[in-house]
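Shown next, in structure tokens, is the structure this report addresses.
What you see is a predicted model; the values in this text were computed from it and never measured. Proteins get letters first, then strands, A, B, ... in listed order; numbering begins at 1 in each.
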Amino acid sequence: MIDSLWRDSVGAVLGIALLIWVAPLFISPYTLTILIIYGMLALSLGMIWGFGGILCFGQAAFFGLGAYAYVIAAINIGESTLPMLIAVLVPAIFASLLGAMMFYGRLNDVYLAVITLVVTLILFKFMNSTAGPEYIIGKARLGGFNGIPGFPTLNMPGNPNAYIWGDTYFYFCAVTLGVVFLITTLILQSSFGRIAVGIRENETRMSLLGYDIRARKTVLFTIGAAIAGLAGALFANWAEIVTPNLFSLSQSAEIIIWCIVGGLGTRLGPILGAAGLSLLKFLLGQQTLIDNLLITGLILVLFVLILPKGIVPTLNDLWSLTIGQRIIRHRRRPRRRTRRKPPRD
Amino acid sequence: MTEVVLETHALTMRYGGVTATKNVDFKLYAYELRCLIGPNGAGKSTFFKCISGLETPTDGEILMLGSETTFWTAHQIASLGVGIKTQVPNVMDGLTVFENIWLAARRQHNTPEANRKTEEILDRLTLRDIAHRHVGHLAHGERQHVELGLVAVGDPKIVLLDEPAAGMSSKDIEQMTKIIHELNKAAAIIIVEHDMQFIQSIANRVTVFHRGEILIEDHVDRVMSDPTVRNVYLGKKS
């Protein structure tokens, strides 16, 4: 496990280095920042769905809650350090309550997907209806469908006037993604993560082995929501406005599509799926000939039909069948030679 | 063999208007190996599900290893030291044999100890050759053995086996019998089974279920020769 963690750490550092020094040669840091944020959001669902078997249709709810929690806290506090923490805690607490209700109520599969979707739509409807002056938390007016603009964005801890923006903000997001990736790796490679995979494979058996699957699923669901909340806060800082669209149905569906296209059961797959499809969406957004939602839908259909495992698992399979096999053969070869050598005496 | 490890009082389970088990009073003693038999629909599987926590009984009481477990869930009962094997092999198909057994071992032990226990079970159950194969790719008999490995690695005090010999070859059954006898040295065992040959080879005492109630409870030879049992079990009069 330590070897594997070391390998993943080196991989993550190299990936972030490429992202910081090579990717800006082709894509602007501003666009890359949002790709990173969406990647983190996809990773949050990829972890709970791909490794824990929890299909949450409402990951956008935690993303939106994180964004709103940050903005409301930032307006009231006047700086960003504590609001970033609140942005992680609020969705996590909300998810732990929702998760406990669902998992202890023995709700699974399609019921879980429907409930999480309904919760997202309730939040969407509610936030849209908060335009009136009575919807105010401290100094922050919720603003209804217009959302909340003009709030303190990310600053250096302890110095509210030293804003982190532009390229620096891009570097900050890239490093944060690397840290979240490593934390996710650590969780998934620990006993907790391996047990979560066991639960994904066969809940009844894991229960018969003595594991309290309800508690474990609630914890995993909460961790996923905390990561989505962090992504939400980063999004709020990038967009400098939060609107109820964060809770929209299309946002929820998109996260699921990113995971399917990138590949479930991997950590890198959802990140690549989110980055690739979001980039495509931005490029398509510059023309009016084809509706980009149509293209996203078409890509999903093609992937489900042709590459149902997604990009990263398919590449893994190809690697194992080609280069991976050669490496294994190459490693075995010297041993055979030494065996064939006759004894010197 | 005087210590009672499992006891039920007037255990009743109703599904809507159907009563699957009715006022079942049952006792299992430490290190005993008991077979539950009966025709289809006799209530033995429902009884098994109730005592293993997969179903909550409508009425009655279950006492297990000194605790009242009537309303306990499966994971709470398993935590008490009860190993459960279901009728259809209930394993993690997407994981390897090693990973399956490791997950079972990890519940009670820390990681290094779980690794050691897993290695030990792989050797004891002769699963070493298939340790790194995915369970979903194994034959039925091998999957049954893997599931028995999941039960054995937890060092249970009570083992509940639902049709362990179902769909297995005679060679596999022979190996299964050996494993069950080995498990029986440290645990009391209940086996729900249909295969009479297997029952005769393994059991001492047998409990016969009929229409949700216990019809007779006696030594296997006496039960087999009992005309009432033959009548209800084979569906013909002797």
Side-chain angles (χ1 to χ4, degrees), chain A residues 1-5 49-55 100 102-108 186-220 263-266 308-310 313 316-317 320 324-325 328 332, chain B residues 48-49 51-56 72-96 98-115 118 134-136 143 146-147 149-156 159-162:
Chain A
M1 183 194 149
I2 291 165
D3 283 352
S4 165
L5 193 65
W49 185 19
F51 292 91
I54 305 167
L55 171 53
M102 292 188 300
F103 301 125
Y104 282 82
R106 295 187 181 185
L107 289 176
N108 274 315
L186 205 64
I187 291 169
L188 293 174
Q189 290 188 354
S190 69
S191 296
F192 176 82
R194 292 160 82 176
I195 291 162
V197 172
I199 292 170
R200 178 196 71 190
E201 289 292 319
N202 192 334
E203 273 188 29
T204 310
R205 170 40 72 193
M206 291 300 279
S207 186
L208 290 174
L209 291 178
Y211 290 108
D212 187 352
I213 54 168
R214 302 164 304 179
R216 286 177 181 274
K217 283 175 108 173
T218 305
V219 172
L220 190 68
L264 280 171
T266 64
K309 281 179 162 181
N316 271 342
D317 288 350
S320 309
Q325 287 282 356
I328 291 167
R332 282 177 183 167
Chain B
F48 182 92
K49 283 180 184 169
I51 56 176
S52 57
L54 291 169
E55 297 275 6
T56 307
W72 285 23
T73 56
H75 89 267
Q76 288 171 312
I77 290 174
S79 304
L80 202 62
V82 179
I84 303 158
K85 187 204 163 303
T86 53
Q87 197 171 338
V88 178
N90 210 333
V91 283
M92 280 71 83
D93 282 341
L95 304 181
T96 63
F98 184 94
E99 287 166 334
N100 266 268
I101 297 172
W102 185 88
L103 283 171
R106 183 64 186 83
R107 204 199 59 74
Q108 286 171 312
H109 306 286
N110 57 23
T111 302
E113 183 62 10
N115 290 339
T118 306
H134 279 90
V135 175
R143 286 157 59 83
V146 171
E147 198 179 12
L150 300 183
V151 172
V153 80
D155 297 326
V159 175
L160 309 174
L161 306 173
D162 196 356

Give me the atom names and distance for the closest heavy-atom approach of [X] to [Y].
X	Y	answer
A/Leu208	B/Ala74	CD2-CB, 3.9 Å
A/Ser191	B/Thr111	OG-OG1, 3.4 Å
B/His75	A/Tyr211	CB-O, 3.2 Å
B/Leu95	A/Glu201	CG-CG, 3.9 Å
A/Gly210	B/Ser79	O-OG, 3.4 Å

Under 4.5 Å from any heavy atom of chain A - which part of [X]:
X	answer
B/Leu54	side chain
B/Val91	backbone
B/Thr86	both

Problem set entry | Minimum side-chain heavy-atom gap A/Arg205-B/Met92 below 4.5 Å |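 Answer yes - side chains close enough.
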Problem set entry | Residue among B/Gln108, B/Gln76, B/Glu147 with most heavy-atom pairs under 4.5 Å to chain A |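 Sorted descending by pairs with chain A, the first entry is B/Glu147.
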Problem set entry | Distance, nearest 0.5 Å, that separates CG of B/Leu150 from CG of A/Leu209 |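 It is 5.5 Å, given to the nearest 0.5 Å.
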Exercise. When heavy-atom pairs shorter than 4.5 Å are enumerated against chain B, which of A/Ile213, A/Asp212, A/Thr204, A/Val197 gives the highest number?
Worked result: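 The residue among A/Ile213, A/Asp212, A/Thr204, A/Val197 with the greatest pair count is A/Asp212.
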